[in-house]
Amino acid sequence: MTQRLTIRRPDDWHLHLRDGAMLAAVAPESARHFARAIIMPNLVPPVVTGAQAAAYRDRILSALPDGADFTPLMTLYLTEETDADDLAAAHASGLITAVKLYPAGATTNSASGVTDFDKVRPVLERMAEIGCPLCVHGEVTDPAVDIFDREAVFIDRVLDPIRSKTPGLRVVMEHITTKQGADYARSGGPDLGATITTHHLVINRNHILVGGIKPHYYCLPVAKREEHRKALVAAATSGDASFFLGTDSAPHTDPAKLQPCGCAGCFTAPNTLSILAEVFDREGALDQLEAFASLNGPAFYRLPANEARLTLTKGDPVQYPPQLETDDGPVTLFDPGYALHWAIQD
Ligand code: NCD
Ligand code: ZN
């Protein structure tokens with residue numbers, strides 16, 4: 001008998017859609033299965049003003065196929081020069097849903113991010129006042145800190161101090177990759193949430209490095225030890241309202257990834273739901289997939305859950321093309337390394 005699973009239409013609480021030809025190619029991939037997505041602002045140049053967010057939103061809407069049911073939830077990129085009034089107006093009008101904090105230099109296109117966290121304190125206080133959530137890329141950039149420790153150190157050195165100095169600030173720890181991240185998110189109360197990516201539920205650092213280097217598994221924050229992957233799977237499948245899906249689907253062309261200094265990012269938009277269903281199925285936790293992908297995120301962002309439903313069916317292995325062709329070049333899909341049995345009914 002075919003196994004079926006029907007859930008509310010999911011949302012993606014952390015997504016890179018890029019711009020231009022790449023946007024045109026990847027936007028339909030997310031719109032096929034997701035109803036809404038928090039759109040990352042790390043374009044070149046970054047989306048720092050309300051006017052830029054409005055223009056980017058229009059470009060995204062123009063890239064969607066006719067009849068697509070997909071709402072981009074825009075964000076502003078926080079800099080040390082962010083204008084709190086512009087931010088508050090963009091939030092009040094519904095143009096932006098959140099603001100993204102990148103420590104300067106932490107990841108792709110983060111050069112305009114924050115170096116001195118005291119400089120953004122007034123903006124963070126304003127955000128707490130108006131109820132605008134802060135999405136945080138939680139890694140320190142101190143060269144003395146090992147890359148595998150950067151998330152745990154960020155929690156102690158930056159995140160926890162920001163949260164205690166800014167009561168009422170609602171924070172999403174983006175793409176957590178460690179047990180420490182999951183534990184901190186779980187203990188943070190209703191003003192703290194955490195997104196977990198699809199790929200961090202699947203790979204640990206051995207997948208990147210053992211038997212030859214795998215550039216398509218390289219993303220930031222970098223995948224950690226197996227014990228951390230297991231902690232993320234436990235968090236995602238637990239049903240705990242602190243945890244929700246943010247794919248961090250981050251397309252880069254193959255030439256950009258396959259070079260001596262390759263870009264960080266895994267492209268998971270086309271096969272994310274099949275992979276998630278496989279992960280949850282293996283854990284005996286299919287009954288928690290809807291909470292993770294469709295319920296906990298809207299609850300944190302104080303938005304209604306989607307009314308539309310999406311059905312997955314289990315059967316013979318589902319094949320995805322290995323690459324998405326774009327006018328910028330091919331983009332390789334994330335390969336979980338095992339067969340996927342869950343197909344999504346369009
Ligand atoms: C993202 C990108 O390519 O924009 N890369 C990544 O490895 N996740 C940036 C980010 O979210 O850190
Ligand atoms: Zn990202």
Side-chain angles (χ1 to χ4, degrees), residues 11-20 22-23 25-27 29-30 34 37-47 56 60 72-78 97-114 133-141 147-148 150-151 154 172-178 181 193-203 205 207-208 213-224 232 244-259 261-269 272 297 324 326 328-329 331-334:
D11 303 301
D12 185 349
W13 301 96
H14 182 128
L15 176 65
H16 298 270
L17 286 180
R18 314 302 192 200
D19 216 339
M22 185 66 84
L23 167 63
V26 302
E29 298 298 320
S30 287
F34 292 95
I38 287 275
I39 308 300
M40 287 297 129
N42 63 332
L43 304 182
V44 187
V47 178
Y56 186 32
I60 294 169
L73 304 173
M74 307 309 292
T75 60
L76 290 186
Y77 183 120
L78 184 66
T97 302
V99 169
K100 178 71 189 266
L101 167 63
Y102 290 101
T107 187
T108 312
N109 305 337
S110 62
S112 320
V114 177
L134 179 71
C135 299
V136 178
H137 183 110
E139 288 189 288
V140 291
T141 53
I147 191 166
F148 291 100
R150 288 181 174 195
E151 179 171 301
F154 183 89
V172 184
M173 301 169 69
E174 297 295 321
H175 43 49
I176 55 167
T177 58
T178 58
T195 56
I196 302 178
T197 76
T198 306
H199 49 281
H200 287 117
L201 295 174
V202 174
I203 58 166
R205 64 195 205 179
H207 291 93
I208 311 172
I213 192 158
K214 314 292 188 321
H216 294 299
Y217 286 158
Y218 173 59
C219 69
L220 289 170
V222 71
K224 309 296 192 297
L232 299 177
F244 37 94
L245 174 63
T247 66
D248 193 17
S249 180
H252 293 279
T253 63
D254 285 358
K257 285 199 68 81
L258 308 177
Q259 56 162 309
C261 186
C263 292
C266 296
F267 177 54
T268 56
T272 267
L324 179 75
T326 83
D328 284 346
V331 178
T332 292
L333 273 66
F334 176 78

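Atoms within a ligand are numbered from 1 in the order they appear, just like the ligands themselves.
W13 and F244 have perpendicular rings, their planes meeting at more than 60° on a 0 to 90° scale where under 30° would count as parallel. Ring planes of F334 and H199: tilted class, angle from 30 to 60°.
Using a heavy-atom distance under 4.0 Å as the criterion, the protein contacts of ligand 1 are H14, H16, R18, N42, T107, T108, H137, H175, C219, L220, D248, A250, H252, A264, G265.
Heavy-atom minimum distance, C219 versus H200: SG-NE2, 3.4 Å. The minimum heavy-atom distance linking T253 with D328 is given by the pair CG2-O, 3.5 Å.
Side-chain atoms of K224 and T178 include no donor-acceptor pair closer than 3.5 Å.
The Zn ion (ligand 2) has an N, O or S atom of H14 closer than 2.8 Å. For residue H137, no N/O/S atom approaches the Zn ion (ligand 2) to within less than 2.8 Å.
If you look at D248 and ask which of its N, O or S atoms sits nearest the Zn ion (ligand 2), the answer is OD1.
Under the 3.5 Å distance criterion, the side-chain polar atoms of N109 are matched with a main-chain donor or acceptor of N42. Between the side chain of D248 and the backbone N or O of C266, no donor-acceptor pair lies under 3.5 Å.
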